[in-house]
Structures are given as C-alpha cells and as structure tokens.
Amino acid sequence: MNVLPIILGMAAVTYAPRLAGLWLRVEVPPFWQRFLRFVPIAAFSALVVPALPGERGEAGVRLFAALLAAVATWRFRKLWLGILVGMAAYWLLR
Amino acid sequence: MTSVVARDFFRGFRAVVPLWLGLIPFSLAYAVSARGAGLSVLDTLLMSALVFAGGSQFSAVGLLAAGASGVEIILTTLLLNTRHLLYGLSLSQRVPLRPAQRLLAAHFLTDEAYGVVLAEPRASFAYVLGVELSVFIPWNLFTLAGSLLGQGLPDPTRLGVDFVFPLAFLALLIPLLRGSVEVGVAVLSGVLALVASRFLTGGAALLLAGVVGSLTGAWCTAGAPAARPTEELEAP
C-alpha cells in the first residue's frame, strides 16, 4: 500500500491553516481583536469539557480530580502543579 | 544575545515537560495503531514528522484500516486541523515573528504549544520554538519507539494518562477567567463542544465551539474598553 501521497496531502492541508493564521498579521479591527482575545478561553474550554469524563465510566472520579486540580491551579498558578494534583487524585481514587 | 535566545528556548522547552506524561503514551499508541493498520515503519514516522497532528494521525490510521480513500482521509484532516488558523491568528497578535520564523513556527503549532505560549506574557520566537519542539521531539521519538516495539504496549486510556490533556488545558484556562464574560464564554464553549462532539469529529466540534464562543465574547464586550494588557496574564 502506497500511503506516501496521502501523508503528503495531509501534511499540506495541516500546514496551510497553521501558516495562514500566523501569516495574516494584518491590522485587526477592534471587533476581531476582541474575538481573538476570547479564542484561548473558548478553545481551552472546548478542549477540557468533552475530554473530562473519559470513556471508562470514571466520570465522577475525574470530575472530582479536575476540581482539586482547578483549585490548586487557581491558588498557585502553576501548570505542572495542576497536572500533578489532578493525576495524583485520579490515580489514588480510580 | 545568544544566551538570551538559549535561555528563552529552554524555558519554553521546560514548560511543556509536565505534558510529556500524556504525550509519550499517545505517540506510542499512535505508532502501534499505525503499524496495526498496515503502515510501514517509515510511513508511520513520516506521518508524525510531516503531519504532526495527533488527532488527525489517529483518525487517518483508523480510516486507512477501514479502507477509506485518500481524498476522504485528506478532507477529514483538513476539517480536524482548520482550528490552527485561530491559534495562528491569536499568536501573531502577541508574538513578533519575522517571515522565516513564521514559516518554521507554523509547522510545529499544536493545541498544547499554543496553550503554553499564550500563558507567557513575554514570549519570543526562541520561547515559541522551545515550546513547540518540546512537543515535536518526544512525539517523534516515541513514534519511533512505538513502531519498533509494536503490539503489547498498554492502552493509554487504560492507564488513565489521557486525563493529562484536559487537566493541562484546565490549568491554562483558569488564569484567563477574570470576569463574568470570560466565565460565560468558557461555559458556552465547553457545553457547545460537548454537545457538538456527539455529531461532529473532535476537531470540527472544537472549531465550532471556538468560533461561536469567541464571537459571543466579542459581542458581549462591544463598547467595553480595549483589551487589557497581556501583562495581567500570569503564567500558570
């Protein structure tokens, strides 16, 4: 099976939006400046919520561990500490 | 000057290290499923190096195993990865990059790299590249390891290490929730992504939630003072 053309096609359609966003460094009107300010909030929340419950029937434990991680992050503002607290709680309780 | 560049690079590189706990098992799992779908070791490695987008690599391998056509696989990849357009637009407002730097930084842009760069108020190109390569290098090294070790590696969701990713993005989200509009946008986007993920592939659901959430935020802050300076953003 020759999958190289598929891989090259995938690489092209992945690189194009990655570059387009970085390249279009135009003067952004105020509305779109505010839009871009909300992109990380909307994107991070959309990455978190569907992935929180997991697919192994551990939704309760994972939500509780995430709550502890959220409190730790809010208090200490450290990425590694949020992951550590969340994973430790999850592994101890699952 | 060189030492400043090197320091920024390694600061960025180190900031991603906690995420390796999730990245490594997933690159192993990708490699095993790619080999299982009949890809050669070289093709498995090339996909990680040239496409370098975990979600679409998994979906491509699944589609290949199911006998999908190349066009279907490439269109699915486009749909999954269009969200990077938003990340690029957002980053280019914050980090000054020369054209050659943009060409290079674009290839290594991921959800994780965007999140970690955004949390740094004074990100330079060296910092961006450090962050990006700290995702790229382990992803590719462990693709190699997984494609050589083959079957018999444990399933990452059974170990629970898939939980690293929502935890990381939660930790990146929390410092951004500074007002009621921010919290409202987060709730709206999260619920929307959850509902949409039942009907759409993950990347498309994320794109929809990202666009609708950001538009809502922009509308709700119309007439408000201009965006607050990035210095208020504390690195998590």
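These numbers come from a predicted model, not from an experiment. So you know, we letter chains A, B, ... as the sequences are listed, proteins then strands, and number each from 1.
In terms of heavy-atom pairs under 4.5 Å with chain A, the best-connected choice from B/L78, B/L80, B/T216 is B/L78. Top candidate by heavy-atom pairs under 4.5 Å with chain B, chosen from A/A69, A/A11, A/G82, A/P5, is A/A11. Heavy-atom pairs under 4.5 Å with chain A were tallied for B/L42, B/V187, B/V211; the largest tally goes to B/V211. No other option in A/L36, A/I6, A/L47 has as many heavy-atom pairs under 4.5 Å with chain B as A/L47.
Neither the backbone nor the side chain of A/L81 comes within contact range of chain B, judged by heavy atoms closer than 4.5 Å. Both the backbone and the side chain of B/R158 come within contact range of chain A, judged by heavy atoms closer than 4.5 Å. Using a 4.5 Å cut-off between heavy atoms, B/V71 does not touch chain A at all. Only the side chain of B/L177 has a heavy atom closer than 4.5 Å to any heavy atom of chain A. Contacts between B/S90 and chain A at a heavy-atom distance below 4.5 Å involve backbone atoms as well as side-chain atoms. The contact between B/L46 and chain A is made by backbone and side chain atoms together, counting heavy-atom distances below 4.5 Å. With a 4.5 angstrom heavy-atom cutoff, A/P30 does not touch chain B via any of its atoms. Only the backbone of B/L159 comes within less than 4.5 Å of a heavy atom of chain A; no side-chain atom from C-beta onward does. Of the atoms belonging to A/R62, heavy atoms from both backbone and side chain fall under 4.5 Å from chain B. Interface residue B/A15: only backbone heavy atoms are found under 4.5 Å from chain A.
Panel note: side chain A/S45, backbone B/A186; a donor-acceptor pair is recorded below 3.5 Å.
Applying the ring pair (Phe, Tyr, Trp, His ring centres under 6.0 Å) rule to pairs touching residues 68-103 of chain B yields B/H84-B/Y87, B/Y87-B/Y114, sequence neighbours excluded.
Residues B/V181 and A/F38 form a side-chain contact, since some pair of their non-hydrogen atoms from C-beta on lies under 4.5 Å apart. The shortest distance between side-chain heavy atoms of B/L64 and A/V3 falls below 4.5 Å. Within the 4.5 Å cutoff, side-chain heavy atoms of A/Y15 are placed close to those of B/L103. Residues B/T221 and A/F35 fail the side-chain proximity criterion, which asks for heavy atoms closer than 4.5 Å. Taking 4.5 Å as the limit, some side-chain heavy atom of A/R18 sits within range of a side-chain heavy atom of B/T110.
In plain terms, the two heavy atoms of A/I83 and B/P18 that are nearest each other are CD1-CB, 3.8 Å. For A/P40 against B/L176, the heavy-atom pair with the smallest separation is CB-CD1, 3.8 Å.
In this structure, the ring-ring contact (aromatic ring centres under 6.0 Å, His included) partners of A/Y90, at least two apart in sequence or on a different chain, are B/F163.
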